[in-house]
Colleague: 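My structure is below; once you've seen it, I'll send some questions.
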2 protein chains.
Amino acid sequence: MMMEGKGMPCVEVCFSPKLFPFITTKEPFVVVLTDILRATTSIVTAFANGVERIIPVHDAEDARKFKEQGFLVATEQDGKKLDFADFGNSAFSFTRERVEGRTLVYCTTNGTRALAVIGEGRPVVFGAFINFTALKEWLVKRDTNVVILCSGWKNKFCIEDSLYAGALAESLLQSGHFTTNCDSVHAASDLWSLAKGDIPRYLEKASHTHRLNRLGLDDVIPYSFNFDITRVIPIFHEGKIEVEKN
Amino acid sequence: MMMEGKGMPCVEVCFSPKLFPFITTKEPFVVVLTDILRATTSIVTAFANGVERIIPVHDAEDARKFKEQGFLVATEQDGKKLDFADFGNSAFSFTRERVEGRTLVYCTTNGTRALAVIGEGRPVVFGAFINFTALKEWLVKRDTNVVILCSGWKNKFCIEDSLYAGALAESLLQSGHFTTNCDSVHAASDLWSLAKGDIPRYLEKASHTHRLNRLGLDDVIPYSFNFDITRVIPIFHEGKIEVEKN
């Protein structure tokens with residue numbers, strides 16, 4: 001439940017797409033979607049490297065059809081690139097050489113599927129540590145309610161998304177422009193306060209890290225927790241993700 | 001995802017009944033249901049005071065029908081006792097004088113509704129701080145997988161249930177008889193580690209506390225965080241809650 005009548009916008013954290021129907025934030029609000037390891041970090045990276053637009057799709061079959069039509073396609077399942085795809089979803093594969101000026105079709109296990117629950121008519125922006133401050137400033141300027149939606153892992157709570165949610169929520173509250181009365185905000189901020197001094201050590205116990213280690217992909221972890229590598233803010237609108245043109 | 005092949009049972013925490021379908025613990029497992037403020041604390045209190053059995057019902061209309069048949073009925077909505085009921089769900093109302101030897105019909109906003117998602121064929125026990133050690137010992141002795149299900153608040157994550165889940169999970173892991181690879185276990189344990197030194201202060205920021213304060217019911221909060229007032233372990237089986245007879 002949100003505090004009301006304070007004249008300040010509220011921030012709420014939602015730990016799983018399956019809990020999104022139960023958020024209590026009043027319209028209008030912006031959704032910040034996060035999937036730190038990896039979809040949102042990869043999407044932000046692709047825009048930082050000049051991708052023109054990204055079309056998110058919800059399953060591998062759709063992605064395959066786009067591939068047959070000649071699109072550049074990124075698709076993974078359980079962290080592994082599918083054979084027909086040009087990319088998996090490691091941020092490192094979206095280099096300027098490969099994506100600049102292109103349209104990319106993107107499907108991931110958790111990240112793009114979370115889009116499906118948000119529904120139409122609400123701005124959705126993609127949040128990662130690598131575009132942290134730019135997004136925070138954008139949200140402060142926008143001056144409306146914010147719901148930070150964690151993609152989670154197969155609809156479950158996951159640590160790395162929650163840490164980002166906590167970091168962003170804390171930063172919005174500390175700006176003095178937001179208020180909250182959401183337990184998830186408090187919990188996420190507290191987890192962030194425990195983790196921020198030594199993130200790699202904290203993540204060692206997170207099960208997603210174990211998964212990435214098993215797949216030999218742990219090289220993206222330090223990168224994903226870097227603050228402010230770029231100022232791009234990807235926005236989802238009418239079926240595609242683009243960056244606001246200035 | 002659980003670690004396998006260690007020969008030890010696993011513990012998993014689930015932050016909302018709506019996330020229960022996505023747990024990854026393998027059968028067989030025991031569900032520990034918790035709703036610290038208040039259903040499970042009240043149910044454990046009622047059994048400590050000699051209630052014979054409790055019949056949980058899922059809505060106030062069912063509760064009203066039982067009342068018309070002469071049953072003792074506890075029903076609340078958003079923390080307030082409904083007019084036709086004998087009790088709301090404050091633990092303090094279930095005194096020995098009023099409940100000993102009786103059958104009680106019980107409906108609450110969050111607690112009993114969580115039962116509906118668990119499904120048949122799994123043992124469900126009711127966990128609270130007030131029966132903490134007895135339940136921990138029972139679980140260790142049982143030597144099977146454990147899922148700690150937080151009732152939450154209207155399907156949302158809530159702090160007080162998460163603290164209990166963290167305390168119990170930590171205690172099971174420290175017993176040396178359980179393992180985990182569940183992010184929610186780590187998060188809940190970390191929140192518990194932050195809160196346990198001064199629970200009232202920690203809870204001041206929890207929104208459920210604000211709700212109880214508004215309703216003038218905050219007298220149950222210190223009680224609900226007392227460890228080991230009783231050793232009763234209420235078990236749900238075939239539509240009713242009873243205590244194992246020795």
Side-chain angles (χ1 to χ4, degrees), chain A residues 1-4 10 12-25 37 78-79 110 117 147 150 152-163 165-166 173 179-195 202-211 213-214, chain B residues 1-4 10 12-25 37 78-79 110 117 147 150 152-163 165-166 173 179-195 202-211 213-214:
Chain A
M1 195 177 295
M2 293 294 150
M3 291 169 82
E4 289 159 50
C10 294
E12 177 168 4
V13 164
C14 182
F15 285 131
S16 161
K18 291 290 175 184
L19 299 181
F20 190 79
F22 307 103
I23 60 168
T24 52
T25 299
L37 304 173
D78 295 337
N110 306 297
V117 306
V147 176
C150 301
W153 178 260
K154 298 188 174 183
N155 295 313
K156 293 183 66 169
F157 172 95
C158 86
I159 287 276
E160 61 276 7
D161 294 347
S162 306
L163 293 182
L173 293 171
T179 183
T180 193
N181 197 0
C182 167
D183 277 8
S184 305
V185 165
H186 297 304
S189 300
D190 281 346
L191 293 175
W192 172 242
S193 74
L194 284 173
Y202 192 82
L203 284 179
E204 270 175 29
K205 62 182 177 180
S207 61
H208 198 144
T209 306
H210 296 304
R211 284 186 294 272
N213 283 338
R214 275 203 300 274
Chain B
M1 196 178 293
M2 294 294 152
M3 289 168 81
E4 289 156 50
C10 293
E12 177 168 4
V13 165
C14 181
F15 285 132
S16 160
K18 292 291 176 187
L19 299 182
F20 190 80
F22 308 103
I23 59 168
T24 51
T25 299
L37 305 174
D78 293 337
N110 305 299
V117 306
V147 177
C150 300
W153 178 260
K154 299 189 173 181
N155 295 315
K156 293 183 66 171
F157 172 95
C158 85
I159 287 277
E160 61 275 8
D161 294 347
S162 307
L163 292 181
L173 293 171
T179 184
T180 193
N181 198 359
C182 166
D183 278 8
S184 304
V185 164
H186 297 304
S189 301
D190 282 345
L191 294 174
W192 172 242
S193 74
L194 285 173
Y202 192 82
L203 285 179
E204 270 175 28
K205 61 183 176 179
S207 60
H208 197 147
T209 307
H210 295 305
R211 285 188 292 273
N213 283 338
R214 275 203 300 274

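Just so we're on the same page: letters track the sequence lines, and every chain starts at 1.
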Colleague: Could you point out which residue of B/Asp183, B/Thr24, B/Leu19 forms a side chain to side chain contact (heavy atoms under 4.5 Å, CB included) with A/Lys156?
Modeller: B/Thr24
Colleague: Looking at CG of B/Asn155 and NZ of A/Lys18, how far apart are the two atoms once the value is rounded to the nearest 0.5 Å?
Modeller: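 Here the interatomic distance stands at 13.0 Å.
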Colleague: Please classify the contact of A/Ser16 with chain B as side chain, backbone, both or neither, using a heavy-atom distance under 4.5 Å.
Modeller: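 Side chain only.
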Colleague: Heavy-atom distance under 4.5 Å to chain A: side chain of B/Ile159, backbone, both or neither?
Modeller: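 The answer is both parts of B/Ile159.
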Colleague: Can you tell me which portion of B/Tyr202 sits under 4.5 Å from chain A's heavy atoms? Options are side chain, backbone, both or neither.
Modeller: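 Only the side chain of B/Tyr202 comes within 4.5 Å of chain A.
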Colleague: Nearest 0.5 Å please: distance from the CG atom of A/Leu191 over to the CG atom of B/Asp190.
Modeller: 6.0 Å
Colleague: Please classify the contact of A/Phe15 with chain B as side chain, backbone, both or neither, using a heavy-atom distance under 4.5 Å.
Modeller: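 The answer is the side chain of A/Phe15.
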